[in-house]
Colleague: 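Quick one: the structure is below, and I'll ask about it shortly.
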Amino acid sequence: MDLNVTTLEGKEAGKVSLSDAIFGLEPREDIIARVVRWQLAKKQQGTHKAKGRAEVARTGAKMFKQKGTGRARHHSARAPQFRGGGKAHGPVVRSHAHDLPKKVRALGLRHALSAKLRAEELIIVDSLVAAEAKTKVLTGAFATLGLTNVLFIGGTELDSNFKLAAQNIPNVDVLPVQGINVYDILRRGKLVLSKAAVEALEERFK
């Protein structure tokens with residue numbers, strides 16, 4: 001399918017042909033959800049930790065004698081039922097990551113791209129290049145295109161001026177094409193691809 005190409009100034013810059021195998025799929029929410037869950041699980045630090053009864057600093061002596069007090073029998077004050085005791089079945093340091101087949105990950109990216117195109121939230125620009133690293137100039141260009149919540153995907157090398165000018169604008173992310181991922185695509189309203197990014201994606205999924 002063909003899609004209009006624009007410049008950052010909002011002028012027409014021809015058309016580009018998009019591959020149906022990447023941008024023309026019927027989006028499947030289940031596959032996209034699996035990839036997002038995999039990404040978020042991989043991002044979790046897993047450094048949460050609670051002390052068990054073997055780790056709290058309390059005496060291990062028997063609280064009172066076994067018989068004759070009329071009270072329930074107890075041993076250590078480190079037991080979970082006592083104030084200051086260890087946590088029963090508390091969180092421990094661990095990895096939350098789980099496996100997801102590489103083919104499913106690739107399919108999830110293609111479905112996310114197709115979903116953006118179907119929702120008319122995909123814009124193709126000729127290049128992501130700024131003449132100077134001025135945030136004010138870039139903000140004006142984004143306002144012309146109606147971009148307030150957007151992910152920009154450039155080629156393998158990002159223009160340093162564009163990256164510096166965009167990094168202070170809220171709700172705007174800039175990534176090279178090798179950093180494209182399902183979660184970042186979905187968390188922003190619009191997706192803007194440069195022509196170099198489109199070519200790199202089609203080469204990647206060839």
Side-chain angles (χ1 to χ4, degrees), residues 3-10 13 16 18-19 21-25 27 31-45 97 100 102-206:
L3 202 66
N4 292 328
V5 179
T6 184
T7 64
L8 287 175
E9 292 75 33
V16 65
L18 300 179
S19 169
I22 303 172
F23 297 92
L25 302 177
I31 292 177
I32 293 173
R34 283 181 67 187
V35 178
V36 170
R37 179 174 171 270
W38 171 78
Q39 275 190 252
L40 294 181
K42 198 174 178 186
K43 277 178 68 175
Q44 280 187 267
Q45 287 186 333
L100 190 67
K102 191 179 287 187
K103 287 185 178 180
V104 176
R105 286 181 257 158
L107 190 59
L109 179 56
R110 286 158 55 197
H111 277 279
L113 292 169
S114 298
K116 281 295 182 185
L117 181 59
R118 185 171 289 253
E120 298 182 352
E121 294 175 344
L122 176 65
I123 298 172
I124 309 295
V125 296
D126 57 346
S127 62
L128 298 177
V129 177
E132 51 184 350
K134 294 289 186 181
T135 300
K136 187 175 181 180
V137 175
L138 213 54
T139 304
F142 293 171
T144 304
L145 293 171
L147 302 175
T148 55
N149 191 303
V150 58
L151 169 65
F152 288 94
I153 303 294
T156 51
E157 294 291 334
L158 291 175
D159 178 62
S160 59
N161 284 345
F162 183 88
K163 185 179 178 181
L164 286 170
Q167 69 184 9
N168 284 333
I169 305 175
N171 302 320
V172 172
D173 294 328
V174 182
L175 292 173
V177 69
Q178 58 267 31
I180 191 170
N181 64 87
V182 175
Y183 178 67
D184 281 329
I185 289 173
L186 297 181
R187 70 192 287 261
R188 295 298 177 207
K190 298 279 188 181
L191 174 63
V192 177
L193 299 176
S194 68
K195 288 178 72 174
V198 173
E199 291 169 4
L201 285 170
E202 293 191 348
E203 181 66 27
R204 173 175 169 180
F205 289 114
K206 187 180 289 184

Colleague: With sequence neighbours excluded, tell me which residues meet side chain to side chain contact (heavy atoms under 4.5 Å, CB included) with Lys195.
Modeller: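 Testing Lys195 for side chain to side chain contact (heavy atoms under 4.5 Å, CB included), a comparison that skips the adjacent residues, returns Val5, Ile124, Asp126.
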Colleague: How long is the span from the CG atom in Leu138 to the CD atom in Glu132, to the nearest 0.5 Å?
Modeller: 10.5 Å
Colleague: Name every donor-acceptor pair, under 3.5 Å, that has one atom in a side chain of residues 36-44 and the other anywhere in the protein, sequence neighbours excluded.
Modeller:
| residue | atom | partner | partner atom | Å |
| --- | --- | --- | --- | --- |
| Arg37 | NH1 | His98 | NE2 | 3.4 |
| Trp38 | NE1 | His98 | O | 3.2 |
| Gln39 | OE1 | Val182 | N | 3.3 |
| Gln39 | OE1 | Tyr183 | N | 3.1 |
| Gln39 | NE2 | Asn181 | OD1 | 3.0 |

Colleague: For a quick test of your reading: what N or O donor-acceptor pairs under 3.5 Å do the side chains of residues 143-156 make, sequence neighbours left out?
Modeller:
| residue | atom | partner | partner atom | Å |
| --- | --- | --- | --- | --- |
| Thr144 | OG1 | Gly140 | O | 3.0 |
| Asn149 | OD1 | Gly189 | N | 2.9 |

Colleague: Quick check: closest heavy atoms across Ala166 and Val174, and the distance to 0.1 Å?
Modeller: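 For Ala166 versus Val174, the nearest heavy atoms are CB-CG2, 3.7 Å.
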Colleague: Which residues pass the side chain to side chain contact (heavy atoms under 4.5 Å, CB included) test with Asn161, sequence neighbours left out?
Modeller: Ala130, Ala133, Asp159
Colleague: In the structure I gave you, are the side-chain heavy atoms of Leu158 and Phe162 within less than 4.5 Å of one another anywhere?
Modeller: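 No, every pair of side-chain atoms sits at 4.5 Å or beyond.
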Colleague: Provide the closest heavy-atom pair for Ala13 versus Thr7 in the form atom of the first, atom of the second, distance.
Modeller: CB-CG2, 4.0 Å
Colleague: Going through the checks in order, is the side chain to side chain contact (heavy atoms under 4.5 Å, CB included) test met by Leu193 and Leu201?
Modeller: CA-CA 10 Å; Leu193 299 176; Leu201 285 170; 4.3 Å; yes
Colleague: Could you report the tightest heavy-atom contact between Ser127 and Ser194, atom names first, then the distance?
Modeller: CA-CB, 4.5 Å
Colleague: Out of curiosity, Lys136 NZ to Ile169 CD1, how far, rounded to the nearest 0.5 Å?
Modeller: 13.0 Å
Colleague: Which residue pairs pass the ring pair (Phe, Tyr, Trp, His ring centres under 6.0 Å) test with at least one member in residues 110-135, sequence neighbours excluded?
Modeller: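 Every pair satisfying ring pair (Phe, Tyr, Trp, His ring centres under 6.0 Å) with a residue in residues 110-135: there are none.
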Colleague: Nearest heavy-atom pair of Arg187 and Asp184: which atoms, and what distance?
Modeller: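 Of all heavy-atom pairs spanning Arg187 and Asp184, the closest is CD-OD1, 3.2 Å.
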Colleague: Under 6.0 Å from the CZ atom of Arg105, do we count more than 12 heavy atoms belonging to anything else shown?
Modeller: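 More than 12 heavy atoms, drawn from other residues, nucleotides or ligands, come within 6.0 Å of this atom.
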Colleague: Could you tell me whether the side chain of Ile185 reaches within less than 4.5 Å of the side chain of Ile180, counting heavy atoms only?
Modeller: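 They are in side-chain contact.
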Colleague: Once salt bridge (charged side-chain N to carboxylate O under 4.0 Å, His left out) is applied, do any residues pair with Lys116, and if so which ones, sequence neighbours excluded?
Modeller: Glu121
Colleague: Taking the side chain as C-beta and beyond, is there a heavy-atom pair between Val192 and Phe142 under 4.5 Å?
Modeller: no
Colleague: Can you tell me how far CG of Leu18 sits from CG of Leu3, rounded to the nearest 0.5 angstrom?
Modeller: 5.5 Å
Colleague: Measure across Ser114 and Leu25 and return the closest heavy-atom pair with its distance rounded to 0.1 Å.
Modeller: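 Looking at all heavy atoms of both residues, the shortest contact is OG-N, 3.1 Å.
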Colleague: Determine the minimum heavy-atom distance between Leu100 and Arg34, stating which atoms define it.
Modeller: CD1-NH2, 3.4 Å
Colleague: Can you tell if the side chain of Val198 reaches within under 4.5 Å of the side chain of Ile22, non-hydrogen atoms only?
Modeller: no
